Amino acid sequence: MAAGTAALGAPPAPASVSTQTGTARERGYRAGRFSFNVSGGRCETCQGEGFVSVELLFLPSTYAPCPDCHGARYAPETLEVTLRGLTVAQVLDLAVESAADFFSGTPAAERSLRTLLDVGLGYLRLGQPATELSGGEAQRIKLASELQRTRRGHTLYLLDEPTTGLHPADVEVLMRQLHGLAEARNTVVVVEHDMAVVAGADHVIDLGPGGGDRGGRIVATGTPQEVARAAESRTAPYLAKALRS
């Protein structure tokens with residue numbers, strides 16, 4: 001994690017890598033110097049947020065880029081340290097996909113970035129604030145953390161609409177990871193409306209018959225093929241179409 005307010009990040013990997021540069025060693029900088037959650041290396045004007053609150057007399061407060069760091073989050077001395085030509089602020093601005101190339105050959109960062117790519121999050125920035133994430137993205141970040149653990153099996157994973165906002169190609173990537181967890185003797189329960197995901201399940205429980213107060217009971221249950229043939233299921237026609245494609 002780059003910091004508490006960041007959703008992603010190869011830090012502590014980028015931070016630890018930064019301390020290996022000549023400039024950082026000469027100045028005695030440790031990894032904490034490159035965290036915008038810790039005083040010392042961050043911009044103290046904005047407390048590492050990159051923006052400041054602007055109080056308006058009769059209107060709600062608004063936010064503007066920090067006048068000192070201009071959104072970089074770090075003190076000028078910290079930004080004087082570069083890794084392959086990039087400052088820590090520029091590294092955190094990289095998308096996961098670009099960061100994977102940048103940190104190629106750095107084991108401490110490669111594994112984390114690879115798992116983020118494996119769950120379809122290659123487009124997010126390393127320093128992306130958690131408040132900017134969708135619910136599906138936040139769940140996939142947690143899933144990426146789980147994928148880095150030593151596989152022991154016998155774990156229950158419960159996901160709620162993890163494909164929200166995903167391109168169909170990324171849905172396929174995510175499904176491969178979920179199937180991998182199941183094959184490792186874990187149990188994966190997914191609440192989902194994407195028929196491609198439903199069609200790839202081992203067992204389906206169709207709740208309905210309608211939404212909201214018109215639903216709440218089990219309409220059909222079984223394999224995707226069995227649910228697709230259930231006459232009383234409103235999901236069945238769409239699932240049948242997904243199974244044929």
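What you see is a predicted model; the values in this text were computed from it and never measured. Starting from 1, each residue takes its place in the sequence as its number.
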Hey, is CG on L56 packed in by over 12 heavy atoms from elsewhere, all under 6.0 Å?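 Enclosed: over 12 neighbouring heavy atoms sit under 6.0 Å from CG of L56.
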
Apply side chain to side chain donor-acceptor pair (under 3.5 Å) to residues Y123 and Q128 and explain how you reach the verdict. CA-CA 10 Å; Y123 59 91; Q128 188 120 358; over 6 Å; no

Looking at every heavy atom in both P129 and R73, which two are closest together, and how far apart are they? CG-NH2, 3.9 Å

With side chain to side chain contact (heavy atoms under 4.5 Å, CB included) as the criterion, how do V204 and T223 come out once you've worked through the C-alpha distance, each side chain's angles and the decisive distance to 0.1 Å? CA-CA 6 Å; V204 178; T223 66; over 6 Å; no

Tell me whether V197 shares a hydrophobic cluster with V227, the cluster being built from Ile, Leu, Val, Met, Phe, Trp, Tyr side chains joined at under 4.5 Å.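 Result: no, two separate clusters.
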
Looking at Y63, I'd like to know if its OH atom is crowded, meaning that more than 12 non-hydrogen atoms belonging to other residues, nucleotides or ligands lie closer than 6.0 Å.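 Count not over threshold, so no.
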
Determine whether S112 and Q148 satisfy the following criterion, side chain to side chain donor-acceptor pair (under 3.5 Å), listing intermediate values before the conclusion. CA-CA 7 Å; S112 297; Q148 294 180 60; 3.1 Å; yes

Give, for atom CG of L86 and atom CZ of F102, the distance between the pair rounded to the nearest 0.5 Å.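 Between L86 CG and F102 CZ, I get 4.5 Å after rounding to 0.5 Å.
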
Residues that D194 engages under side-chain hydrogen bond (donor to acceptor under 3.5 Å, both in side chains), provided they are two or more places apart: none

Looking only at heavy atoms, which two atoms of E110 and S104 are closest? And how far apart? OE2-CA, 3.4 Å

Rounded to the nearest 0.5 Å, what separation is found between the NE2 atom of H70 and the OG1 atom of T45?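 So the NE2 of H70 and the OG1 of T45 are separated by 10.0 Å.
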
Atom pair CG/CD of L92 and Q90 - distance to nearest 0.5 Å: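 So the CG of L92 and the CD of Q90 are separated by 10.5 Å.
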
Quick one, L143 and P162 - any side-chain contact, counting heavy atoms below 4.5 Å?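 Result no, sub-4.5 Å side-chain heavy-atom pair not found.
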
Has the side chain of S233 got a donor or acceptor atom that lies under 3.5 Å from a matching backbone atom of A236?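 Such a contact is found between S233 side chain and A236 backbone.
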
Report yes if the side chains of T87 and V81 come closer than 4.5 Å at any heavy-atom pair, otherwise no.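 No - every pair of side-chain heavy atoms lies 4.5 Å or more apart.
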
Of the non-hydrogen atoms in V52 and P67, which two are nearest, and what is the gap between them? CG2-CD, 4.1 Å

Less than 4.5 Å apart, side chain to side chain, heavy atoms only: is that true for L124 and L116? no

In the single-linkage hydrophobic clustering (I, L, V, M, F, W, Y; side-chain heavy atoms under 4.5 Å), do L59 and V54 co-cluster?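 Yes, one cluster joins them.
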
E77 and R27 ion-paired at < 4.0 Å: no

Answer yes or no: does atom NE2 of H203 have more than 12 heavy-atom neighbours from other residues, nucleotides or ligands under 6.0 Å? yes

Compare every heavy atom of G41 with every heavy atom of T78, then report the nearest pair and how far apart it is. OG1-O, 2.8 Å

Check whether any side-chain heavy atom of V188 lies under 4.5 Å from a side-chain heavy atom of H179, and answer yes or no.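 The answer is no; the side chains never approach within 4.5 Å.
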
Are V219 and M195 grouped together when hydrophobic residues (ILVMFWY) are joined by side-chain heavy atoms under 4.5 angstrom apart? no

Do Q47 and R42 make a side-chain contact, defined as non-hydrogen atoms from C-beta onward lying under 4.5 Å apart?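 With C-beta onward as the side chain, the pair touches.
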
Under 4.5 Å between side-chain heavy atoms, hopping through other hydrophobics if needed: is there a path connecting L113 to V173? no

For Y157 and K142: C-alpha separation, side-chain torsions, deciding distance, then whether side chain to side chain contact (heavy atoms under 4.5 Å, CB included) applies. CA-CA 10 Å; Y157 295 93; K142 293 180 181 178; over 6 Å; no

Which heavy atom in C46 sits nearest to a heavy atom in C69, and how many Å separate them?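 It is SG-SG, 3.7 Å.
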
Start with the C-alpha gap between C66 and E49, add the side-chain angles, then the distance that decides, and say whether side chain to side chain contact (heavy atoms under 4.5 Å, CB included) holds. CA-CA 8 Å; C66 175; E49 294 286 348; over 6 Å; no

Using every non-hydrogen atom in the two residues, find where P224 and L239 come nearest and quote the distance to one decimal. O-CD2, 3.4 Å

Compare all side-chain heavy atoms of E55 with those of S61 and state whether any distance is below 4.5 angstrom.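 With C-beta onward as the side chain, the pair touches.
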
Judged by atom type as modelled, is there a donor-acceptor pair below 3.5 Å linking the side chain of S245 to the main-chain atoms of A242? yes

Write out all pairs satisfying salt bridge (Lys or Arg N to Asp or Glu O under 4.0 Å) with one or both partners inside residues 85-94, taking only residues at least two apart or from two chains. D93-R125

CD/E137 to OG1/T164 distance, rounded to the nearest 0.5 angstrom?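 With rounding to 0.5 Å, CD (E137) is 9.0 Å from OG1 (T164).
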
Is the backbone of I141 close enough, under 3.5 Å, to the side chain of S145 for a donor and an acceptor to pair up by distance?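 Checked: pair present.
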
Answer yes if V119 and V171 sit in the same cluster of Ile, Leu, Val, Met, Phe, Trp and Tyr residues linked by side chain heavy atoms under 4.5 Å apart, and no otherwise. yes

Which value, rounded to the nearest 0.5 Å, describes the distance between D170 atom CG and L121 atom CG? 8.5 Å

Would you sort out whether E192 and T163 count as a side chain to side chain donor-acceptor pair (under 3.5 Å), showing the intermediate values? CA-CA 8 Å; E192 188 56 79; T163 64; 2.9 Å; yes

If you look only at pairs with a residue in residues 156-167, which of them pass as a salt bridge (Lys or Arg N to Asp or Glu O under 4.0 Å), with sequence neighbours excluded?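 Every pair satisfying salt bridge (Lys or Arg N to Asp or Glu O under 4.0 Å) with a residue in residues 156-167: there are none.
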
Heavy atoms from other residues, nucleotides or ligands near OH of Y238 exceed 12 (cutoff 6.0 Å): no

Counting only N and O atoms by type, is there a donor-acceptor contact under 3.5 Å from the side chain of D206 to the main-chain atoms of A220? no

Apply side chain to side chain contact (heavy atoms under 4.5 Å, CB included) to E146 and L181, showing your working. CA-CA 10 Å; E146 286 294 315; L181 287 172; 5.8 Å; no

Would you say the side chain of F34 lies within less than 4.5 Å of the side chain of L83, judging by non-hydrogen atoms?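 No; the side chains remain at least 4.5 Å from each other.
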
Close side-chain approach of V91 and F103, heavy atoms under 4.5 Å: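 Yes - at least one pair of side-chain heavy atoms lies under 4.5 Å apart.
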
